[in-house]
Amino acid sequence: MSTLPVEPDSIDNTRWNVIISVVSAVLIGAVLFLMEGPRPEGIRGAVDVSWMPHLNGFLNTGTTLALILALVFIKQRNIQAHRNAMLTAFGFTTLFLLSYVTYHWFKVGPVEYSGPLRPAYLFILISHITLAPVVVPAALFALHRALTGQYARHRRIVKYTYPLWLYVSVTGVLVYVALYLLSST
């Protein structure tokens, strides 16, 4: 007795939806806590993290470039190159998240933009901060759907996820440039 192969779009996603939702909530909560939550006495400044914003800028730039390449590859119908570029973007983003949290855990004080474009900077920063948590679950859902062969569902979610992720990535680079390359502080 043989069994029929499972059609990718008929996969029961309930378990994965719960896992992705929980992982997303934990990641977002951890980032918020590690950035804004209480720290043990003496943790601020205990490690020199002054170099980490440059790493973060590099990682965000890597994510942006990988996302752009992924779009070029999928438009060329080069699925394998698209997949590799997207996995590279996920890798850069994961490293960025680890570096970003580490930096904010140990940094001594806020870094503020003091240049003449402050209203534009604040708009970019606020939109970046607001949309970044939305990208986390959306990108994970898109990744899951692609890796499980649910291409119709993948295409439906990436219509929204890709531009958001690219925007968050580009604005992350712009925030870095404003704070560390243009600002006088």
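Taken together through direct or relayed side-chain contacts under 4.5 Å among Ile, Leu, Val, Met, Phe, Trp and Tyr, L131 and Y160 form parts of separate hydrophobic clusters. V72 and L87 are assigned to two separate hydrophobic clusters, defined by single-linkage of ILVMFWY side chains at heavy-atom distances under 4.5 Å. Both L164 and V170 are members of a single hydrophobic cluster when ILVMFWY side chains are connected at heavy-atom separations under 4.5 Å. I28 and V26 are not part of a single hydrophobic cluster, where members link through side-chain heavy atoms under 4.5 Å apart. Two different hydrophobic clusters hold I126 and V175 under the rule that ILVMFWY side chains link at heavy-atom gaps under 4.5 Å.
Within 6.0 Å of CZ on F90 lie more than 12 heavy atoms contributed by other residues, nucleotides or ligands.
One distance of note links OG1 of T64 with CG of L174; it measures 8.5 Å at 0.5 Å rounding. The distance from the OH atom of Y176 to the CG atom of L59 is 11.0 Å, given to the nearest 0.5 Å. I79 CD1 to Y151 OH: the interatomic distance, rounded to the nearest 0.5 Å, is 8.0 Å. Expressed to the nearest 0.5 Å, how far CG of L117 lies from CG of L182 amounts to 8.0 Å. Note: R153 CZ to I157 CD1 = 10.5 Å, rounded to the nearest 0.5 Å. Atoms CD and NE2, from Q150 and H144 in turn, are 5.5 Å apart once rounded to the nearest 0.5 Å.
When every heavy atom of V158 is checked against every heavy atom of P163, the shortest pair comes out as O-CD, 3.6 Å. Counting all heavy atoms, side chain and backbone alike, P133 lies closest to T130 at CD-O, 3.4 Å. For the residue pair A139 and T161, the shortest heavy atom distance occurs at N-CG2, 3.6 Å. What you find for A66 and T88 is that their closest heavy atoms are CB-CG2, 4.1 Å. The two residues H82 and A70 have their closest heavy-atom pair at ND1-O, 2.9 Å. Nearest approach of S169 to N60, heavy atoms of both residues: OG-O, 3.1 Å.
Screening residues 120-143 for ring-ring contact (aromatic ring centres under 6.0 Å, His included) gives Y113-Y121 as the qualifying pairs, with residues at least two apart or on separate chains.
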Please output the side-chain donor-acceptor pairs of residues 96-107 that fall under 3.5 Å, not counting sequence neighbours, one pair per line with the distance.
{"unit_1": "S99", "atom_1": "OG", "unit_2": "N56", "atom_2": "OD1", "d": "2.5"}
{"unit_1": "Y100", "atom_1": "OH", "unit_2": "H104", "atom_2": "NE2", "d": "3.4"}
{"unit_1": "T102", "atom_1": "OG1", "unit_2": "L98", "atom_2": "O", "d": "2.8"}
{"unit_1": "Y103", "atom_1": "OH", "unit_2": "Y180", "atom_2": "OH", "d": "3.3"}

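Checked by atom type, the side-chain pair Y167/S127 shows a donor-acceptor distance below 3.5 Å.
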Check step by step if side chain to side chain contact (heavy atoms under 4.5 Å, CB included) holds for T148 and H154.
-> CA-CA 10 Å; T148 57; H154 173 73; over 6 Å; no

Stepwise side chain to side chain contact (heavy atoms under 4.5 Å, CB included) check, L71 with L67 = CA-CA 6 Å; L71 180 62; L67 288 171; over 6 Å; no

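Under the 3.5 Å distance criterion, the side-chain polar atoms of S24 are matched with a main-chain donor or acceptor of I20.
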